[in-house]
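These notes are about the structure you will find just below.
These numbers come from a predicted model, not from an experiment. Whatever order the structure lists ligands and atoms in, that order sets their numbers, starting from 1.
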Amino acid sequence: MSEALANLLNETRQFPPPAELAAAANVTADAYGEAEADRLAFWERQAGRLSWAKQWDQVLDWSNPPFAKWFVGGQLNVAYNCLDRHVEAGRGDKVAIHWEGEPGDTRTITYAELHELTCQAANALTDLGVVAGDRVAIYLPMVPEAAVAMLACARIGATHSVVFGGFSAESLTNRIQDASAKVVITADGGYRRGKPSALKPTVDEAVANCPSVEHVLVVRRTGEEVAWSAKDHWWHETVEVASTAHTAEAFDAEHPLFILYTSGTTARPKGILHTSGGYLTQAAYTAHAVFDLKPESDVYWCTADIGWVTGHSYIVYGPLANGVTQVMYEGTPDTPHKGRFWEIVDKYQVTILYTAPTLIRTMMKWGEDIPAGFDLSSLRLLGSVGEPINPEAWMWYRQHVGRGELPIVDTWWQTETGSMMISPLPGVTAAKPGSAMTPLPGVVADVVDDQGQSVPNGGGGYLVLREPWPSMLRTIWGDDNRFIETYWSRFGAGASGNAEDPWIYFAGDGAKKDDDGHIWLLGRVDDVMLVSGHNISTTEVESALVSHPSVAEAAVVGATDPTTGQAIVAFAIPRGTTETGGEAGEQLIAELRNHVAKTLGPIAKPRQIMLVPELPKTRSGKIMRRLLRDVAENRSLGDVTTLQDSSVMELIASGMGGGKSDED
Ligand code: ATP
Ligand code: MG
């Protein structure tokens, strides 16, 4: 960015926590002061939530930055911490997972049963020759076996690499090859949008090009016919007949736990490596603090897929380390009807719901009558992750899901950070709609300018992390140089080459501090637009559009413009019953352009707006602006392989001729 990010959006609404929740909250405001007084002692106390086979000698070794070691010398078993210790404490009969298949079939799995299944899978993997340090690829639908497979790897010290079940054979091949995985765990298929969706053929295609793979373990889910080779083993003929006795061995705190490839909006995916002790410490602490988890009474539901980091930290490791009961759902939110999510909340009396802005905006588009048709009174806390949440979507979530009274935690973090970093504390923070608010206790985040100087309140710039944190990535698998280059070379010692300077992690995101010093995420810095010499964030313009009552969702890009450098081009999805044809559409577009100018100032007025039925999204549901920029600049489309639905782009491109409004 050549100059500070313009600070256009001004949000003054603020919602203090409900008194009852605040009075009983797991974490109070004291935590901030405690962490500030002695950050390492604070994290050391959080590590004490786990069971360690051997106590650590040193909390943090930062002598070789940016390569951190946490809880040096300590030993633990991650699966033991998620399972055995709850069973040993007499909580084996407690439900760990209420699983709901898309067709409506269900499974209830207690902690004792999840423990047994994991022991069986650990024994089966050992029989297949998997030893500590080996890599295992997991390519499964949202079935309980996905969690079991991850925990079984953790139990025997194998490093799992979960690949999202929607990825192609090529993506799977790249990831298996990059990590030299020895075993692949998959299924015949899963249910999506009302029908079986095969997985095994994709694995067969990938494995043909992956000589490292010795065995393929196949869960039977759909019962559809699959091709079979000498490497293949049915899960029910190996795991389910294995012994349920298995003693968990303790591993070093820095023993690799998993590799997870970032979703890949960039060309070559990065294998983000996480290790054991520090990762589990922060995943467990943040789940406790931010979700206010009460294992005795809460029913928690995170709607993410296990293939994303959210599924790792807030379906498997964080919640299970806390011993809570959770819901796991296999399918899509509109199968067989658009109320499926709310039906599940109602059925299992879910108390805490963690989802993504893309889903909230989709629900807005479908209309508030749908959640209104279900009993959502069990809910007590709502969460959001994955993208900046537009203030209007936040308000809708609070109003129509949260009865106008529930706190919302907008949690900022990344695959790389392993756990939440910036978020309200539900019993403490008076949250502002659209702001992730403040760094969590023990986290040191800042917003800096081009020179790495902290910006004053009211200023915008680059989001950085100034101090190492327990669940930080340790490297990019097999590529230490790329790790340093990608995350540590923009500011601090990695930029100056001066060993005296601190090492500063640059997250890739733009952010601003409001007048109270609260942090607002503004999207990736690559997405920031430069319009007539002003840096304008796509997020702010999108939020202004979404604040219009006729808009459910919007994506904004900067397109090259002869007079202004870049011009703002917007794509907007109208809400429910909005009239968009012909003259009504033209009128709405004119109104929206004026609405943005009025909300943010004339500088942010879009040059053109297109009304579209859908937006291109990554498979984790994030808006893919790169492709919209191609459309806006009349280029042929770039790589669409990571799109959720590639036909969306044809739809948008074909409509590009109409619906614009070029002059003022
Ligand atoms: P890739 O790095 O491969 O392009 P990705 O960044 O989308 O993929 P993730 O690690 O899942 O993969 O997402 C982290 C990013 O998501 C953050 O850097 C940020 O841009 C965005 N993000 C996540 N949570 C929030 C939030 N609460 N508010 C704003 N942005 C968020
Ligand atoms: Mg990223």
Nearest option to [atom], as decided by whichever heavy atom of [options] sits closest:
atom	options	result
atom 13 (O) of ligand 1	Q414, K622, R524	K622
atom 31 (C) of ligand 1	W413, W412, Y261	W412
atom 26 (C) of ligand 1	M624, E387, K270	E387
atom 9 (P) of ligand 1	V525, T539, D527, T415	T415
atom 21 (C) of ligand 1	G386, S384, P357	G386

TODO: Could you tell me whether ligand 1 has any atom less than 4.0 Å away from a heavy atom of A436?
DONE: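 False for this residue.
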- [ ] Report yes or no: does W308 have a heavy atom closer than 4.0 Å to ligand 1?
- [x]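 Per 4.0 Å heavy-atom rule, W308 does not contact ligand 1.
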Task: Atom indices of ligand 1 within 4.0 angstrom of T411 heavy atoms, with elements - done: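 Here the atoms of ligand 1 in question are 24 (N), 25 (C), 26 (C), 27 (N).
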- [ ] Determine, for R626 against D526, whether the closest basic-nitrogen to carboxylate-oxygen distance falls under 4.0 angstrom.
- [x]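 Looking at D526 together with R626, the answer is no, because their closest N to O distance does not fall below 4.0 Å.
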TODO: Output all residues satisfying side chain to side chain donor-acceptor pair (under 3.5 Å) with T186, sequence neighbours left out; order by chain, then residue number.
DONE: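 T186 satisfies side chain to side chain donor-acceptor pair (under 3.5 Å) with no residue once adjacent residues are dropped.
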- [ ] Please name the residue in the list Y462, Y505, W503 that meets the ring-ring contact (aromatic ring centres under 6.0 Å, His included) test with F491.
- [x]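 The residue from Y462, Y505, W503 that satisfies ring-ring contact (aromatic ring centres under 6.0 Å, His included) with F491 turns out to be Y462.
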Side chains of [X] and [Y] in contact at under 4.5 Å (non-hydrogen atoms):
X	Y	value
T411	Y354	yes
D514	K432	yes
E553	F571	no

Open item on the list: Go through it in stages, so that I can follow the logic: the residues are T415 and K270, the test is side-chain hydrogen bond (donor to acceptor under 3.5 Å, both in side chains), and I'd like the CA-CA distance, side-chain angles, deciding distance and then a yes or no.
Closed with: CA-CA 10 Å; T415 306; K270 302 181 283 277; over 6 Å; no
- [ ] For ligand 1, note which part of D509 has a heavy atom under 4.0 Å away: side chain, backbone, both or neither.
- [x]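 The answer is the side chain.
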